[in-house]
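Step one of this worksheet: look at the structure below.
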Amino acid sequence: MATLIDGKAIASEVRSEVRREVDAWTSEGHAPPYLAVVLVGDNPASASYVRGKIKASRDVGIAGDTLKYDANISENHLLDVIHDLNTSTHVSGILIQLPLPDHIDSTRVISHLNPDKDVDGLHTINAGRLATGLPGFVPCTPAGIVELLHRSAIATEGKHAVIIGRSNLVGRPLASLLLKKENNATVTVCHSRTQNLGEISSKADILVAAIGRPHFVTSNMVKPGATIIDVGINRVDDATSKRGYRLTGDVDFDATFNIAEYITPVPGGVGPMTIAMLLKNTLSAAKLLT
Ligand code: NAP
């Protein structure tokens, strides 16, 4: 039977630490860190994520606002907004809530962020810093995964980590993080064209699923005693739930629970860590600006 990695409890620890650090920072006479969240369009899921981020910020003493724009905003107008936020002295961190509408090139918009305010770690300068082992902002989800492993005393040194998924948001930056000398894992990254995926995943000491397909990882893909980190957040129909759906991960939790040594639940695993790391990054950004 696996031990649950309680992301909610660990995220709460991280948030308390950030709250204490923000208090210390403001008591030295500095303005509170300030997070600007840019929200384009009226996607309800994005709006809900943004509300969560602003609320979590306020709870730890980080100021912030959501700048809302119609879905038909032009790319140039959005770039002007980014420029103003880049140069504003009271804005410490900028987060552009993705996805942006189809007529806007998200890569171009992100490339206009000041990398030192890029608290989501998506600018190519931050991606490059991470890939070459230099300090910089790290995307919040992979940073949260590594924090979960460290705080659960799960060793990474010399371990074989298999990551399923190569997105710029999760899989790729996580591979770079686990490869860093302080983590020293041996990393394999898999994707939709990987052959013999189950054979590879069943050799993993640490198996990370970041795919976006419910219950993709089944019991025969897991090595006994492995640590399973389930990043997936998928909505599946559930007539017994008030909302008509429930959230589930990329891993068949029930089938793998007795095989793994550690496992993250969904919800309550990686998700809460993503917001906690955003708060940490925003505080770092405020310190970087002074
Ligand atoms: P993404 O950009 O869609 O990337 C998915 C990755 O999975 C791609 O690399 C894709 O391979 C790979 N993949 C798809 N089908 C596959 C298959 N049959 N076999 C092997 N690999 C396959 O997704 P993402 O943004 O990384 O997110 C992944 C999941 O994590 C989603 O459920 C998302 O909601 C969740 N997520 C959660 C958090 C959190 O805070 N908990 C944060 C971010 C994302 P190719 O590259 O070959 O297409």
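Atom OG of residue S201 and atom CE of residue M221 lie 4.0 Å apart, to the nearest 0.5 angstrom. With rounding to the nearest 0.5 Å, the separation of NE2 in H77 from CD1 in I82 is 10.5 Å. Here CG of L178 is found 11.0 Å from NE2 of H160. Values are rounded to the nearest 0.5 Å. Going from atom CG of N76 over to atom CD1 of I73 covers 10.0 Å, rounded to the nearest 0.5 Å. Distance check, rounded to the nearest 0.5 Å: OH of Y34 to NZ of K117 gives 11.0 Å.
A heavy-atom distance below 4.5 Å is not found between the side chains of D120 and P139. The side-chain heavy atoms of I5 and T227, taken from C-beta on, include a pair separated by under 4.5 Å. With contacts defined as side-chain heavy-atom distances shorter than 4.5 Å, the pair L207/V222 qualifies. For the pair S92/L35, no side-chain contact is recorded, criterion being any heavy-atom separation below 4.5 Å from C-beta on. Side-chain atoms of V14 and M273, non-hydrogen and from C-beta on, do get closer than 4.5 Å to each other. A 4.5 Å side-chain heavy-atom check between K159 and T186 finds every atom pair outside the cut-off.
Summarising the geometry of D250 relative to G212, their closest heavy-atom pair is OD2-N, 2.9 Å, with the distance given to 0.1 Å. The two atoms that bring I206 and A155 nearest to each other are CD1-O, 3.8 Å, heavy atoms only. Nearest heavy atoms, A131 versus S176: CA-OG, 3.9 Å. Considering all non-hydrogen atoms of both residues, L122 and L169 come closest at CD2-CD1, 3.8 Å.
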CA sep, side-chain torsions, deciding dist, call: S219, T256, side-chain hydrogen bond (donor to acceptor under 3.5 Å, both in side chains): CA-CA 5 Å; S219 56; T256 54; over 6 Å; no
side-chain contact (heavy atoms from CB on, under 4.5 Å) between D118 and I94, intermediate numbers included: CA-CA 6 Å; D118 168 35; I94 308 168; over 6 Å; no
Candidate pair N86 and H112, rule side-chain hydrogen bond (donor to acceptor under 3.5 Å, both in side chains), full reasoning: CA-CA 9 Å; N86 279 343; H112 278 72; over 6 Å; no
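In summary, the side chains of T218 and N220 do present a donor paired with an acceptor at a separation below 3.5 Å, with no hydrogens or angles considered. Judged by distance alone, the side chains of H123 and S111 never bring a donor and an acceptor atom under 3.5 Å apart. For the 3.5 Å distance criterion, the side chains of H30 and T290 fail to qualify, holding no donor opposite an acceptor. If you check the side chains of N234 and H215, you find no donor sitting under 3.5 Å from an acceptor.
Counted within 6.0 Å of CD on Q195, heavy atoms from surrounding residues, nucleotides or ligands total 12 or fewer; the atom is thus considered open. For NZ of K55, the number of neighbouring non-hydrogen atoms (other residues, nucleotides, ligands) closer than 6.0 Å is 12 at most.
Each salt bridge (charged side-chain N to carboxylate O under 4.0 Å, His left out) pair with one or both residues in residues 90-109, not counting sequence neighbours, appears once here: E75-R108. Among residue pairs with one or both ends in residues 192-210, those qualifying as salt bridge (charged side-chain N to carboxylate O under 4.0 Å, His left out) are D205-K223; sequence neighbours excluded.
Taking the ring axis of Y245 as reference, the NZ or CZ atom of R243 stays within 45° of it and closer than 6.0 Å to the ring centre.
Between R151 and E17, at least one side-chain N (NZ, or NE/NH1/NH2) sits under 4.0 Å from a carboxylate O, which counts as a salt bridge. Comment: R129 engages D116 in a salt bridge, judged by a side-chain N to carboxylate O separation of less than 4.0 angstrom. Looking at E13 and K8, no side-chain N of the basic residue comes within less than 4.0 Å of a carboxylate O on the acidic one, giving no salt bridge.
Other members of the cluster containing L289 do not exist, because no ILVMFWY side chain is joined to it at under 4.5 Å.
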